[in-house]
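Okay, so here's the structure we're looking at.
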Amino acid sequence: MLENIRLAFQGIWSHKMRSFLTMLGIIIGIASIISIVSTIKGTSEQIKEQLIGAGNNAVDVLLYDGSAEYDASWGMTTAALPQITEEQKDKILRLDNVENATFFYGRGYSENIYYMDQSMQGGKVYGVDENYLDTCGYVIQAGRGFVRADYENYRKVVLLDEEAAGSLFKDEMPLGKTIEIMGEPFVVVGIYTRAETFQPIINNYEEYYSYYGDAGAGTLLLPSSDWPIIYKYDEAENAIVRASTTEAMTKVGDRAAKILNEAIPEESTQIKYKANNNLKTVEDQQKLSESTNGQLLWIASISLLVGGIGVMNIMLVSVTERTSEIGLKKAIGARKNRILFQFLTEAAVLTSLGGVAGVISGIVMANVISRMADIPIAISIPAIIASVGFSMVIGIVFGLLPSFKAANLNPIDALRRD
Amino acid sequence: MILELKSIYKEYQQGKLVVPVLKHVDFSMEEGEYTAIMGPSGSGKTTLMNIIGCLDKATSGEFYMDGQDVNKCSENEMSDLRLRKLGFVFQSFHLLPKQTALENVEMPLNYAGVPRKARKEIAFRALERVGLAERVDFKPNQLSGGQMQRVAIARAMVNDPKILLADEPTGALDTKSSQQVMDLFQKLNEEGVTILMITHDPEIAQYAGRTVLIRDGELMEKGGSDGEKA
Ligand SMILES: Nc1ncnc2c1ncn2[C@@H]1O[C@H](COP(=O)(O)OP(=O)(O)OP(=O)(O)O)[C@@H](O)[C@H]1O
Ligand SMILES: [Mg+2]
């Protein structure tokens, strides 16, 4: 066997140009497959990362007014808004696969926020509980977070994210400064940011666009107990639930929504809590990109098939050319199977080499595509192994006919030709 | 008797015609004999040698090699006979052009399953014996015709076969190289190798202890009453 492989390499090397042309079909086929698979996987992982937040697994459970998210900024509905009770919160926190949950009031678009003569338009203001930062994967970057006493004493304190800090304070250190929200003074006690270990945590499309699009004016967090001071009593709360695994996100989100909806009177069909099913969105997106590229894969496979036929063609020619070599080998005592295996090995080595060359050019191609089209790529090791294995199989399958032809040559006829 | 052929009949299909090439040939050789076959072109010399060389089967007749009934052998058994008991030398050498002299000589050892290191060793000694120790790494196109034929002889003898079959071994060589090849055959025969050689050259046939003639598919011993008609 090893001897055959050595001989095969020798044969391939001594006909460099022809071997290369024989392999070309395989190289092109494998290269396209590798580059397609790499871009599929890269795109897929990018979508997942952007929507799920690379391991954060947080699910928004938001109040909907019809098909739109309810937002108190616009005061859209006249229906009675549900209030989330302590029992409901407890129930959600005790759900299986729930790591943490937070409940908060919010304004998606807030005016009347000032520091000295600097105003901030269109920022988000949330009234949050103590779990908020942890559940969403934020950490305090400077200053401190909220403590129990802030809630108990209705302290007018505020946390800013980096953007809010940037838009209110140009050159100053925000910590300890007093800003004005809806006419009330709040002291900045901390700046929060996304936890280091997470990529941008994007929990829904809207955030996705606000994050990557024209960055908003930023977000301000208040202790939830302060909410009625600047806004209204009995406003509706939203929830964010963090699941322990990505797979559990859908289930956890749906269960939490169900618990929250228990408090909503039967007759209200308009107002409902819904879990933003990011996992589902991700999967849909991934399926879409995979099916498009799956068709490309078929085309690439056809080019592999054509490559295989090319290998067969050239091997048939090579068997005819090497008739005298084959005849001689049989005359000096090589059994039929030895000749068969010699040619099969040659075909398999040839196409495997083509496969390896294809993998290398595929990776190069994928990188070029990634640079030019700004698409992320992920090199798939199983795809590489499968490609080389598949090339070898192509060599064996398409090498069978020429090899049988060689093995069955009559040595007398073979030797007669000079 | 190392070779024993009885009433060997061989016919070939040529288009719609069936042509008899060997007509009930009886032929035998003792171990250690050195025989030349002569005869006009197309008389069936190569055909007979192919049958003896287990490359072809007779249409009818009996053939025993070293006591073994060759007619009963399978294809693989015939391959093994060629590998172990027979060595071939051809007019046109049939060396593999991409391989060195040593690699060409190694080939039968490879099929015999000799490990790589031993193979090199044995092949080298075989080349040494034909006087080509300095040429082991030469490719065939770097060798003269006579040297190529000596490489071919080394290859034929590397598995220590009992019988050497040579089809016009000097047909493509000049007098001096032919002389060297004949000297080698002489030496091998003295070592006990049975040699059967086809030749057109009566001078070459002189080296053999016995000469047989084939004409129109029939075989006769030379030296007999009507032997000189060729
Ligand atoms: N495979 C074959 N099919 C048909 N006819 C064949 C075949 N092989 C040989 N013959 C015929 O058999 C006859 C004898 O051929 P063979 O090769 O044995 O002659 P030869 O004595 O070796 O001649 P030469 O001295 O020219 O080599 C020839 O007429 C040839 O045409
Ligand atoms: Mg002949």
Side-chain angles (χ1 to χ4, degrees), chain A residues 1-19 22 314-315 317-346 349-350 403-418, chain B residues 10 12 21 46-47 49-51 53-57 74-100 103-116 119 139-140 152 154-159 161 165 167-168 171-172:
Chain A
M1 195 64 215
L2 262 163
E3 190 60 28
N4 273 346
I5 292 174
R6 199 181 59 84
L7 271 176
F9 271 106
Q10 206 175 47
I12 289 164
W13 187 245
S14 58
H15 297 104
K16 284 182 258 328
M17 193 62 193
R18 182 166 81 185
S19 305
T22 312
I314 294 187
M315 292 239 3
V317 173
S318 137
V319 168
T320 310
E321 258 177 28
R322 285 158 67 183
T323 298
S324 120
E325 171 196 331
I326 297 160
L328 172 86
K329 284 181 170 171
K330 290 186 104 177
I332 62 172
R335 287 184 175 196
K336 202 165 154 175
N337 279 350
R338 289 296 289 255
I339 306 289
L340 183 75
F341 282 126
Q342 186 203 327
F343 277 82
L344 275 184
T345 311
E346 210 171 297
V349 168
L350 190 71
S403 305
F404 270 113
K405 197 183 156 196
N408 285 319
L409 271 184
N410 181 349
I412 302 171
D413 295 337
L415 285 172
R416 195 189 305 277
R417 271 187 246 181
D418 272 322
Chain B
K10 176 73 183 176
Y12 279 119
V21 177
T46 301
T47 305
M49 185 165 275
N50 285 342
I51 291 170
C54 299
L55 291 164
D56 203 356
K57 279 196 167 177
S74 68
E75 199 178 327
N76 276 342
E77 284 167 336
M78 302 247 288
S79 296
D80 292 349
L81 279 177
R82 296 198 292 269
L83 183 64
R84 310 272 173 196
K85 299 219 163 137
L86 296 164
F88 289 91
V89 176
F90 307 93
Q91 178 176 358
S92 51
F93 324 130
H94 281 296
L95 299 177
L96 299 192
K98 302 273 181 187
Q99 305 206 339
T100 63
E103 286 166 337
N104 268 289
V105 176
E106 259 183 72
M107 208 161 31
L109 295 166
N110 180 15
Y111 295 131
V114 178
R116 195 173 155 82
R119 230 154 55 203
K139 297 260 169 83
R155 180 181 64 193
M157 298 313 297
V158 78
N159 264 339
L165 301 177
D167 193 344
E168 297 184 45

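Since we're looking at a predicted model, the values are computed, not measured. Within every chain, numbering begins at 1; the chains are lettered A, B, ... in the order of the sequence lines, protein sequences first and strands thereafter.
Comparing A:Arg338, A:Glu325, A:Arg322 by heavy-atom pairs within less than 4.5 Å of chain B, the highest count is held by A:Arg338.
Neither the backbone nor the side chain of B:Gln91 has a heavy atom closer than 4.5 Å to any heavy atom of chain A. Residue B:Arg116 touches chain A through its side chain alone, counting heavy-atom pairs closer than 4.5 Å.
Taking each heavy atom of B:Asn76 and A:Lys336 in turn, the nearest pair found is OD1-N, 4.3 Å. Looking at every heavy atom in both residues, A:Gly333 comes nearest to B:Tyr111 through O-CB, 4.4 Å. Nearest heavy atoms, B:Leu55 versus A:Ile412: O-CD1, 3.4 Å. When all heavy atoms are compared, the tightest approach of A:Ala334 to B:Ser79 is O-OG, 3.8 Å. Closest of all the heavy-atom pairs between B:Phe88 and A:Ala331 is CE1-O, 3.3 Å.
Between atom NZ of residue B:Lys98 and atom CD of residue A:Gln10 there is a gap of 10.0 Å, rounded to the nearest 0.5 Å. A distance of 5.5 Å separates CZ of B:Arg155 from CD1 of A:Ile332, quoted to the nearest 0.5 Å. Here the straight-line distance linking atom CG of B:Leu96 with atom OG of A:Ser324 works out to 7.5 Å at 0.5 Å rounding. Residue A:Asn4 holds its CG atom at 7.5 Å from CG of B:Asn110, rounded to the nearest 0.5 Å. Atoms OG and CZ, on B:Ser74 and A:Arg335 in that order, are 7.0 Å from each other to the nearest 0.5 Å.
Here A:Ser19 pairs with nothing under the side chain to side chain donor-acceptor pair (under 3.5 Å) rule; sequence neighbours left out.
Under the 3.5 Å distance criterion, the side-chain polar atoms of B:Arg82 are matched with a main-chain donor or acceptor of A:Lys330.
Counting non-hydrogen atoms of neighbouring residues, nucleotides and ligands closer than 6.0 angstrom, the CD atom of B:Glu77 exceeds 12 such neighbours.
Each salt bridge (charged side-chain N to carboxylate O under 4.0 Å, His left out) pair with one or both residues in residues 104-115 of chain B, not counting sequence neighbours, appears once here: B:Glu106-B:Arg119, B:Glu106-B:Lys120.
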